[in-house]
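Data block below; observations after.
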Amino acid sequence: MAVVILSHTVADYNTWKPIYDADAARRADAGFKELICGQDAPNSVYIVYETDTPEIIQQMFADPNLVELMKEAGVTSPPKVVIVK
């Protein structure tokens with residue numbers, strides 16, 4: 001089991017959150033169980049997942065559909081990912 005910690009900035013958290021929530025099936029299908037999703041500043045998002053296959057996160061970010069969805073949601077920085085095994 002591994003923990004994946006993801007962070008990025010968004011233009012507006014209240015715009016980003018419903019789009020993120022609507023994409024839950026993609027994360028579940030990839031084997032990610034969300035432990036925490038929140039913000040420490042108005043535009044800084046932090047998400048913590050538990051998974052058996054942490055390397056899938058890089059494949060997910062390479063998916064053009066997810067890239068478009070992130071743009072629509074107002075993601076303004078590339079995601080930073082830390083994997084703790």
Side-chain angles (χ1 to χ4, degrees):
M1 188 64 60
V3 173
V4 176
I5 304 165
L6 181 143
S7 66
H8 55 73
T9 56
V10 296
D12 178 63
Y13 182 84
N14 293 325
T15 298
W16 171 84
K17 184 68 163 102
I19 294 171
Y20 170 80
D21 289 344
D23 197 44
R26 179 194 317 264
R27 296 183 298 278
D29 289 348
F32 285 80
K33 176 185 173 192
E34 184 178 302
L35 301 177
I36 300 169
C37 178
Q39 62 190 107
D40 73 338
N43 299 335
S44 296
V45 175
Y46 291 87
I47 310 163
V48 179
Y49 302 108
E50 187 175 71
T51 183
D52 289 326
T53 53
E55 53 282 336
I56 288 178
I57 194 96
Q58 298 305 333
Q59 294 171 8
M60 290 171 66
F61 289 136
D63 179 345
N65 293 324
L66 182 57
V67 171
E68 272 306 307
L69 193 60
M70 289 173 68
K71 285 180 188 176
E72 177 186 337
V75 173
T76 60
S77 70
K80 295 177 186 173
V81 177
V82 175
I83 298 172
V84 181
K85 293 185 180 184

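Both backbone and side-chain heavy atoms feed into the values below; hydrogens, waters and symmetry mates do not.
With hydrogens and angles disregarded, no donor-acceptor distance shorter than 3.5 Å links the side chain of Glu34 to the backbone of Ile36. Of the possible donor and acceptor atoms, one in the side chain of Arg27 sits under 3.5 Å from a partner among the backbone N and O of Tyr20. Using modelled atom types, no side-chain atom of Asp23 and backbone atom of Arg26 make a donor-acceptor pair closer than 3.5 Å.
Taking hydrophobic clusters as Ile, Leu, Val, Met, Phe, Trp and Tyr residues chained together by side-chain heavy-atom distances below 4.5 Å, Tyr49 shares a cluster with Ile83. The hydrophobic clustering, which links ILVMFWY residues whose side-chain heavy atoms are closer than 4.5 Å, places Met60 and Tyr46 apart. Linking ILVMFWY residues whenever their side-chain heavy atoms come closer than 4.5 Å, directly or via other members, places Val75 and Leu66 in the same cluster. Residues Val3 and Val82 are members of one and the same hydrophobic cluster, defined by side-chain heavy-atom contacts under 4.5 angstrom among Ile, Leu, Val, Met, Phe, Trp and Tyr. Both Leu6 and Val45 sit in one connected hydrophobic cluster of ILVMFWY residues. Membership requires side-chain heavy atoms under 4.5 Å apart, directly or through other members.
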Chi angles and distances behind the side-chain contact (heavy atoms from CB on, under 4.5 Å) call for Gln39, Trp16: CA-CA 11 Å; Gln39 62 190 107; Trp16 171 84; over 6 Å; no
Test side-chain contact (heavy atoms from CB on, under 4.5 Å) applied to Val10 and Lys17, step by step: CA-CA 10 Å; Val10 296; Lys17 184 68 163 102; over 6 Å; no
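Nearest heavy-atom pair, Val4 versus Pro54, reported as atom, atom and distance to 0.1 Å: CG2-CB, 3.8 Å. Closest non-hydrogen pair, Ile19 versus Ala73, comes out as CD1-CA, 3.6 Å. Residues Phe32 and Thr51 approach most closely at CE2-CG2, 3.8 Å, considering heavy atoms. For the residue pair Ser44 and Asp40, the shortest heavy atom distance occurs at CB-OD1, 3.2 Å. For the pair Met70 and Pro79, the tightest heavy-atom approach, listed with the atom from each and the gap, is CE-CG, 3.5 Å.
For the atom pair CD1 (Ile57) and CD (Gln59), the distance works out to 10.5 Å, reported to the nearest 0.5 Å. Note that OG1 of Thr53 and CE of Met1 are 9.5 Å apart. Values are rounded to the nearest 0.5 Å. Atom CD1 of Ile5 is separated from atom CG of Leu35 by 10.0 Å, given to the nearest 0.5 angstrom.
Within the structure, side chain to side chain donor-acceptor pair (under 3.5 Å) pairs that include any residue of residues 70-79 comprise Thr9-Thr76, Thr9-Ser77 (at least two apart or interchain).
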